[in-house]
Amino acid sequence: MNLTIQVKLLPTMEQESIIKETLKNYIQMVNGLVAEFVVLDKLEKKTSADISCAIPSALKAQSIQDARSVFQKYRKEVFKAGKIVSPEGKTKTVKVPVLRKPVAIWNNQNFSIGEDCLAFPLWINGKAAKTKIRAIIPERQKALLENKKGTLRITKINGKFIAQIAVDIPCESSHGSSVMGVDLGLKIPAVAATDKSKVRFFGNGRENKYMKRMARAKRKALGKAKKPKVIKKMNNKEQRWMRYKDHKISREIVNFAKANDVSTIQLEDLAGIRQSARTSRKNERNLHNWSFYRLSQFIQYKAELAGIKVV
């Protein structure tokens, strides 16, 4: 199973400047290649020798692959749009995709992971040099990173450089025979019931609603005080808290399934849940900003790692 492990980087001021410039050059290069393919209306064979940019050749080769991928997706969208005609007889227009978020990607042959660092090539003093960057790697992540690694993707999230490493993790084999159903909600975030009549409730809906209500009140006060930066920072904090809660609930659900010899988890169909769910007017706001999908995804990937099928 493929997972993405996120690692926080701690570069020096000099390294931070170099990484920032590398990410900027990378997306400019990809955007330039995509624009060139669009003008030609076809993919053109390119090599790193065809690109003049102050970044390592490994990144040049990867940028060509990314540009080809972006252009192919664009061509598919154009093809689909040609088949969609509005009542006025107009076809849908497709914008040429442009990367805006700082990012750069190294393949698995061009980076290595140490005890508390990542090493990958950067452009320093006119040449490529494999550079060690300090990183925060908890023990659990170290264990996961021992598996077969894919690409290294570096981006900037909330002002911090984050390394996203794809790993291929072997799944456990499940010998269970029971089936368990899981329903999601607001008052009770998740309810699980096995075919042997064992039921358990997960999460605290009252606590979640209280946290969201307090966050809305603070945002309203900060909005009146005209402090958008503080609002953004607070929003990030609220999202991190909700994400942590979803991770905790999904882990508890999978542990409950393993303890009850469950081989299959049946998740409710989330399509149209916000239209079909019954709730009071005071809970309606929570219903529309609650991430049911994220919790279901966390349950699914944790279950699959444990060898439990999810339908």
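Worth saying up front: this structure is predicted, and the values here are computed from it rather than measured.
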Report yes if the side chains of [X] and [Y] come closer than 4.5 Å at any heavy-atom pair, otherwise no.
X      : Y      : answer
Phe202 : Lys248 : no
Gln65  : Asn107 : no
Leu33  : Ile51  : yes
Val38  : Tyr74  : yes
Ile157 : Gln164 : yes
Met211 : Lys245 : no

**Prompt:** Could you give the distance from CD1 (Ile55) to CD1 (Ile18), rounded to the nearest 0.5 Å?
**Reply:** 14.0 Å
**Request:** Measure the spacing between CD1 of Ile249 and NZ of Lys302 and express it to the nearest 0.5 Å.
**Result:** 10.5 Å
**Asked** Checking side chain to side chain contact (heavy atoms under 4.5 Å, CB included) for the pair Lys224/Lys220: CA distance, chi angles, key distance, verdict?
**Response** CA-CA 6 Å; Lys224 288 181 179 179; Lys220 188 175 180 181; 4.2 Å; yes
Are [X] and [Y] connected, step by step, through hydrophobic side chains (Ile, Leu, Val, Met, Phe, Trp, Tyr) whose heavy atoms are closer than 4.5 Å?
X      : Y      : value
Trp123 : Ile133 : no
Val30  : Leu43  : yes
Ile188 : Val182 : no
Ile162 : Tyr26  : no
Val98  : Val70  : no

**Message:** Does Asp66 form a side chain to side chain contact (heavy atoms under 4.5 Å, CB included) with Leu99? I'd like the steps, not just the answer.
**Reply:** CA-CA 11 Å; Asp66 286 350; Leu99 300 183; 6.0 Å; no
Strictly distance-based, threshold 3.5 Å: is any side-chain N or O of [X] a donor or acceptor partner for the main-chain N or O of [Y]?
X      : Y      : result
Arg100 : Ile27  : no
Gln15  : Lys132 : yes
Ser296 : Tyr293 : yes
Thr131 : Pro121 : no
Lys60  : Ala49  : no
Asn147 : Val167 : no
Asn25  : Thr22  : no
Gln141 : Gln6   : yes
Thr4   : Ile165 : no

Option passing side chain to side chain contact (heavy atoms under 4.5 Å, CB included) with [X] (candidates [options]):
X      : options                        : result
Met180 : Asp261, Val199, Asn260, Val262 : Val262
Ile308 : Ile265, Ile299, Thr264         : Ile265
Leu23  : Ile154, Leu59, Val103          : Ile154

**Residues which pass side-chain contact (heavy atoms from CB on, under 4.5 Å) with Asp168, listed by chain and number, not counting sequence neighbours** = Asn2, Lys148
**Request:** Starting from the C-alpha separation in whole Å, work towards a yes-or-no answer on side chain to side chain contact (heavy atoms under 4.5 Å, CB included) for Ser112 and Lys130.
**Result:** CA-CA 10 Å; Ser112 57; Lys130 197 165 187 179; 3.6 Å; yes
**Request:** For Phe120 and Trp106, run ring pair (Phe, Tyr, Trp, His ring centres under 6.0 Å): C-alpha distance rounded to whole Å, both residues' side-chain angles, the deciding distance at 0.1 Å, then the answer.
**Result:** CA-CA 8 Å; Phe120 48 88; Trp106 289 257; 4.8 Å; yes
How about [atom1] on [X], more than 12 heavy atoms from neighbouring residues, nucleotides or ligands closer than 6.0 Å, or not?
X      : atom1 : value
Arg134 : CZ    : no
Lys76  : NZ    : no
Arg251 : CZ    : yes
Lys156 : NZ    : yes
Lys73  : NZ    : no

**Request:** Could you tell me whether Lys42 and Glu44 make a salt bridge, using a distance below 4.0 angstrom between a side-chain N and a carboxylate O?
**Result:** no
For the student: nearest non-hydrogen atoms of [X] and [Y], plus distance:
X      : Y      : result
Glu115 : Lys142 : OE2-NZ, 2.8 Å
Ala135 : Val7   : CB-CG1, 3.6 Å
Pro97  : Asn31  : O-OD1, 4.5 Å

**Asked** Should Thr194 and Phe256 be marked as a side chain to side chain contact (heavy atoms under 4.5 Å, CB included) after you check the CA-CA gap, both sets of side-chain angles, and the distance that decides it?
**Response** CA-CA 10 Å; Thr194 70; Phe256 178 72; 4.1 Å; yes
**Asked** What class does the angle between the rings of His247 and Phe298 fall in, given that below 30° is parallel, 30 to 60° is tilted and above 60° is perpendicular?
**Response** parallel
